[in-house]
Structures are given as C-alpha cells and as structure tokens.
Amino acid sequence: MPRERASDLSDSSTSATDDASPDPSPASRGLGRRVVCVVLVVLAVLIAVLAVPARYVQQNVLETEGYVELVGPLASDPAVQTAVADALTDQVMTQLDVEAIVTDNVEAFADRDRVPDAVEALGPILTNQIEQLVQRAADKLVTSEQFAAVWVTANRVAHGTATTVLEGHDGKYLDIDAGTISVPLDGLVLELRDRLVDAGLERAANIEPQGREIVLVQSDQLGTAQQGLVIFQNVAGILPWLVILLIAGAAWVAPRRRHRVVVAAAISIGALMALMLAGLALASAAYLGNLPLGAVGLDATRSVTRALLDPLRTQLWWWVGLSVVVAAAAIAWPWAVRAVGRRRTAKEPAATVGGAEA
C-alpha cells in the first residue's frame with residue numbers, strides 16, 4: 001500500500017507539471033504581436049509608395065484616353081507650337097526644290113532665256129523669301145484650330161507605343177535602345193503641303209510624308225520603365241486597398257494604443273510621399289539639364305515634361321494631404337473618446353437625481 005500511494009503521488013505531480021508548462025507568458029505574446037504589427041506597417045508603407053506610380057501609369061500611360069487628355073493641351077502651348085512649326089519647316093524645305101523655284105521665278109521676271117547678272121543676284125533673296133513663306137505657313141498651321149485635332153490624332157497613333165512597350169519590342173514611334181518616344185508629323189506635313197499649294201507654291205505638290213516625328217520623351221531609363229509597366233498594369237487597382245487592409249490589420253494586432261499604429265503609418269507614408277515629390281523635382285531638373293537638344297527645344301521639352309508629370313505630382317500631394325488628415329484624426333481619437341465618456345458620466349448622475357426627486 002505505501003508503495004502504491006507513492007506511485008500515485010508521483011504520477012499526479014508529473015501530470016500537474018505537464019498541465020502548467022504549455023501556456024506562453026503574456027510578455028511573449030505581446031512581443032510577438034508587436035513584431036507582426038511592425039511588419040504589417042512596413043509593408044503598408046512600401047506598398048503605398050508603389051501605389052502612386054502604379055496608378056499614374058495605369059491612368060495616363062496605358063489608357064489611350066488618359067494619355068491623350070494629358071498631352072492634348074500641349075497643342076496650345078507656344079513652345080510646343082514653335083517646335084512643331086520648326087520641325088515642319090525643316091521637313092518641307094528638305095523636299096522642296098528651292099533652286100528650281102528660284103530659277104522659274106527669275107526667268108519669268110527677266111522674261112528671256114539668259115538671266116542677266118543683276119537679276120540673278122535676286123536668287124538668294126528669293127530663297128530666303130521661300131523659306132519665310134514656308135515658316136509663316138507652318139506658324140499659321142500650328143496656331144489654327146485644325147492643329148489641335150491633328151495633334152490629338154497623331155498622339156493617338158503614337159499611343160500604340162504603350163502596347164509595344166508592354167510586349168517588349170521597339171515600335172515605329174518608339175526606340176528603346178535610343179530611349180525615345182515621339183509623335184508622328186505626317187498628317188501635319190500633308191496639311192502644310194496643301195496650304196503651300198493654295199498659296200501659289202505649285203512645286204510643293206511633290207512633297208510627301210517621310211515618317212518625320214517630333215520627340216516627346218528622350219531618356220535612357222525607358223527600358224527600365226518597360227519592365228515596370230508589366231507589373232503596374234496588373235496590380236494598380238488593388239494596391240490602395242491593400243494599404244488600408246494592412247494598416248487596419250496592424251492596428252488590430254497591436255497589443256495596446258492602436259491609434260499610435262495608425263499615426264505612425266500615416267506619418268511614414270506622408271513623409272515618403274514628400275520625399276518622392278522632392279526627388280521628382282530633382283530628377284526633372286536633371287533630365288532637362290542633361291537633355292541633348294534635337295527636334296524639340298528646351299522650352300518645349302519643359303512644357304512636355306511638366307504636362308506628363310503634373311498628374312503624378314497631384315497624386316503625391318493627395319497622398320500627403322490624406323496622410324496628414326488620417327494622422328490628425330488618429331491623434332485626436334483618444335481625446336474624443338474620453339470627452340464623450342465624460343459627457344455620458346456627467347449626464348448619468350443628473351438623471352439619477354431627477355428620478356430620485358420624482
């Protein structure tokens with residue numbers, strides 16, 4: 001009997017020890033929840049940073065209407081008009097047989113087979129006049145209402161570039177190796193040709209479009225952007241919602257003071273968006289400063305760059321403002337809850353006293 005009792009006591013003590021060991025301490029549980037909370041906040045901040053360019057690319061690069069709405073107003077920009085007019089003039093002058101036109105006019109002026117030396121000296125003057133005529137016609141074209149319509153059509157054609165980029169190939173108006181995206185000018189060349197013929201320059205009827213384009217973007221990073229487009233087009237719509245879910249999850253996991261999690265996430269996102277704005281300004285300045293000027297002058301390039309980047313700046317400022325509002329609301333939340341609680345507490349004694357008096 002004594003041995004049996006000792007065995008029973010030993011078994012019961014072992015069982016009690018086994019039952020007490022599995023439960024982790026509250027401190028370890030709290031540490032685990034804090035780690036998960038930090039991870040969720042970091043993920044939310046990183047995804048928020050990706051959400052802005054993703055949304056910008058989806059709305060303004062991949063969608064034709066968004067892209068045309070972006071670059072369409074450039075038709076009324078004086079710097080762009082000047083650049084296009086100069087490009088059209090160069091295109092026409094390379095095809096126009098100026099020497100033949102000068103000879104025809106000089107012979108008609110002299111009205112004889114052999115042109116006198118005094119009359120022949122008018123040749124350079126007439127050459128200059130022809131070039132001025134073409135330049136004036138081009139200037140009138142780019143300031144006309146018709147130019148806006150042709151410009152939009154040309155950009156719709158050029159927007160095929162976005163699809164070509166996603167397929168990973170060069171296109172007619174895209175050269176990834178050279179890092180350029182351009183807009184075709186063939187429609188404007190035809191319109192300028194008709195205007196010159198109507199003005200009496202009959203030899204302009206021989207002008208034909210030769211695939212001339214005007215460069216809108218020239219960057220060595222176009223190949224890198226190509227890789228990003230493939231990712232952004234598939235995830236742009238869900239990234240903002242994912243940010244909200246991650247922040248909500250972090251606040252739910254936090255062991256205490258959950259409003260501080262929301263404040264930290266909002267401030268972090270707002271600060272990074274502000275840094276992106278500063279980086280965008282520096283990158284734009286560096287791009288314009290190192291640009292090898294070609295068909296488009298510096299003023300026109302500045303206008304194009306501003307038009308292309310303004311929606312991205314707007315989205316970044318929107319995120320900064322939203323972050324400030326969310327952080328302020330989260331900071332004010334505990335005070336608001338306590339204020340409501342005090343009001344309720346103050347009303348309850350008054351109601352009790354009134355009931356007692358009744």
Side-chain angles (χ1 to χ4, degrees), residues 64 67-106 108-109 122-161 171-175 180-218 293-304 307:
T64 300
Y67 176 79
V68 170
E69 184 178 350
L70 202 64
V71 300
L74 290 173
S76 59
D77 187 279
V80 174
Q81 290 176 347
T82 300
V84 174
D86 291 343
L88 290 173
T89 301
D90 293 340
Q91 172 72 13
V92 169
M93 292 301 295
T94 56
Q95 294 191 58
L96 201 60
D97 192 349
V98 178
E99 185 177 352
I101 297 174
V102 171
T103 301
D104 292 344
N105 283 273
V106 169
F109 180 78
L122 295 174
I125 299 176
L126 290 175
T127 301
N128 184 57
Q129 291 296 319
I130 292 171
E131 186 172 357
Q132 289 184 14
L133 173 65
V134 175
Q135 184 69 58
R136 286 196 300 270
D139 291 340
K140 289 181 179 179
L141 172 60
V142 298
T143 55
S144 66
E145 294 181 359
Q146 188 175 3
F147 172 67
V150 177
W151 175 259
V152 169
T153 301
N155 276 281
R156 286 186 184 277
V157 174
H159 186 259
T161 294
K172 186 175 182 181
Y173 303 108
L174 169 70
D175 187 349
T180 60
I181 296 178
S182 55
V183 175
L185 297 179
D186 288 350
L188 293 170
V189 170
L190 291 174
E191 177 61 26
L192 181 57
R193 179 192 66 183
D194 295 341
R195 292 189 175 215
L196 291 173
V197 172
D198 293 340
L201 203 59
E202 296 179 357
R203 288 186 179 270
N206 298 324
I207 296 173
E208 294 294 338
Q210 295 184 343
R212 179 70 180 270
E213 65 268 354
I214 186 169
V215 176
L216 285 185
V217 176
Q218 185 169 357
L293 297 181
V296 182
L298 181 59
D299 291 339
T301 304
R302 186 178 291 110
S303 298
V304 172

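We're numbering straight along the sequence, starting at 1.
The 12-atom threshold is exceeded at CD of Gln129, counting heavy atoms of other residues, nucleotides or ligands nearer than 6.0 Å.
Residue pairs meeting the ring-ring contact (aromatic ring centres under 6.0 Å, His included) criterion with at least one partner in residues 73-96, sequence neighbours excluded, are absent. Note on residues 132-142: pairs passing side chain to side chain donor-acceptor pair (under 3.5 Å), not counting sequence neighbours, are Asp86-Gln135, Thr89-Gln135, Gln135-Asp139. Within the structure, every pair that satisfies the ring-ring contact (aromatic ring centres under 6.0 Å, His included) test and touches residues 126-147, not counting sequence neighbours, is listed here: Phe147-Trp151.
Residues Leu185 and Ala87 come closest through the heavy atom pair CD1-CB, 3.8 Å. Listed here is the closest heavy atom pair of Ala138 and Leu192: N-CD1, 3.6 Å. Val150 and Gly187 make their closest contact through CG1-C, 4.2 Å (heavy atoms, listed as atom of the first residue, atom of the second, distance). Annotation for Ala137 and Leu196: closest pair CB-CD2, 3.8 Å, computed over non-hydrogen atoms. Residue Leu74 comes nearest to Ser303 through the heavy atom pair CD2-O, 3.7 Å, listed as atom of the first residue, atom of the second, then distance.
Looking at residues two or more places apart in sequence or on another chain, you find a salt bridge (charged side-chain N to carboxylate O under 4.0 Å, His left out) between Glu208 and Arg193. In this structure Gln81 satisfies the side chain to side chain donor-acceptor pair (under 3.5 Å) test with no other residue, sequence neighbours excluded.
Inter-residue side-chain proximity for Ser144 and Glu191 is flagged as unmet; no heavy-atom pair is nearer than 4.5 Å.
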